Amino acid sequence: MKISRKLTAVFLSFLLALSLASCGQSTEDITETTDDMLIPPATENVVEGSEHMTINPRPIAALKGPTAMGLVSLMDQNRDGGSYEFTLAGSADEVTPLLIKGELDMACVPANLAAVLYNKTEGQIVTLAVNTLGVLYIVENGGESVQSIADLSGKTIVAAGKGSTPEFGLRYLLAQNGLDPDTDVTIDWKSEHTECVSALASGAAEIALLPQPFVTAAQAKLENLRTALDLTAEWDALENGSAMITGVIVARKDVAENEPLVMDGFLEEYAASVDWVNDHPADAAALIAEYGIVENPSIAEKALPHCNIVCITGPEMKDKLSGYLEVLFNAAPESVGGALPGEDFYYSA
């Protein structure tokens with residue numbers, strides 16, 4: 001049963017509140033804040049005044065990029081105060097310590113980082129929803145030679161993200177399409193996506209692996225750059241029950257267990273925000289630029305339809321996410337924290 005925002009507020013007056021958090025990016029260099037990284041017990045969020053009590057807004061964090069885009073409508077509704085307080089960060093290293101220390105209730109983070117945090121905190125993190133499917137694309141500059149993954153045989157691909165999810169996803173798709181990633185394709189790894197774009201611009205490379213919104217930004221500079229392959233669609237074509245996933249929203253387990261009505265109310269509002277963003281790309285792009293998620297509103301508007309902003313919950317979330325994490329685990333167990341998460345990792349409304 002879905003709970004409206006107004007009804008959630010009524011329940012909040014009787015419940016002790018906690019804190020919310022939002023989004024992140026890489027699994028490397030997670031700041032260790034305690035010896036065992038266990039999340040501390042929940043603290044009260046109710047402030048007593050001389051005549052009445054007020055509820056502090058719940059803090060939510062997100063990373064600047066696609067995984068924060070779906071939040072902008074909800075952020076705008078709460079800009080002058082409300083149920084939530086949002087923080088945007090440049091990297092996961094800024095978000096994960098706050099979540100671990102209990103200073104955030106929820107956070108938007110990369111899918112594999114959610115699994116790492118679950119393992120690091122001994123199960124004290126739950127995933128509420130998938131918020132971004134795949135954002136990776138194969139692009140080709142000035143050519144039409146790549147029409148399928150099989151066409152990558154014998155080609156050189158410039159890419160960034162070696163040792164992380166872009167590499168694991170690319171290698172998986174190559175293998176599933178009959179190509180050996182080590183012998184049939186040459187992957188020229190760069191340290192940053194901007195280096196890949198520079199290689200395309202200089203003519204040093206013709207094919208690259210890029211995420212959105214880098215694809216759209218690069219196309220604004222290179223008029224002959226085309227999107228050759230959507231890796232999310234290629235993953236879906238395998239029909240293996242999973243999905244390529246970029247980001248999820250997680251919560252501290254104590255918050256999710258003690259205040260399910262709050263979680264369900266938030267997910268209802270979040271889903272509405274995602275729907276608004278996808279249905280109103282121009283208005284959403286203006287907010288995305290205003291909040292500094294993507295600085296150029298024109299780029300944001302053009303990139304939005306290709307960023308796969310979603311809000312997938314319940315059994316569908318579990319099926320898609322568990323399958324994706326299994327692929328990562330088989331490629332590199334450390335990418336998900338050394339072990340696949342248990343059943344309690346997946347929140348059920």
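Residue indices begin at 1 and follow the sequence shown. Because the structure is a prediction, the values reported are computed rather than measured.
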Side-chain donor-acceptor contact under 3.5 Å, N131 with Y270: yes

With clusters defined by side-chain heavy atoms of hydrophobic residues (ILVMFWY) lying less than 4.5 Å apart, directly or transitively, does M317 cluster with F345? yes

With heavy-atom distances below 4.5 Å as the criterion, would you say the side chains of [X] and [Y] are in contact?
X    : Y    : answer
L71  : F86  : yes
E94  : T87  : no
L173 : L231 : yes
E140 : L225 : no
L104 : I60  : no

Residues which pass side-chain contact (heavy atoms from CB on, under 4.5 Å) with [X], listed by chain and number, not counting sequence neighbours:
X    : answer
V310 : V130, L133, I312
N119 : A339
N240 : Y172, W235, L238, S242

Do the charged groups of R226 and E144 touch, with an N to O distance under 4.0 Å? yes

With a 4.0 Å cut-off, would you call E259 and R58 a salt bridge? yes

With side chain to side chain donor-acceptor pair (under 3.5 Å) as the rule and sequence neighbours excluded, what pairs involving residues 336-347 come up? Y118-D344, K253-D344, D264-Y347, K318-E343

Which side chain to side chain donor-acceptor pair (under 3.5 Å) pairs, counting each pair once, include a residue from residues 216-225, with sequence neighbours left out? Q212-T216, Q219-T227

Could you name each residue pair satisfying ring-ring contact (aromatic ring centres under 6.0 Å, His included) that touches residues 181-214, not counting sequence neighbours? H193-F214

Using every non-hydrogen atom in the two residues, find where L136 and P211 come nearest and quote the distance to one decimal. CD2-CB, 4.0 Å

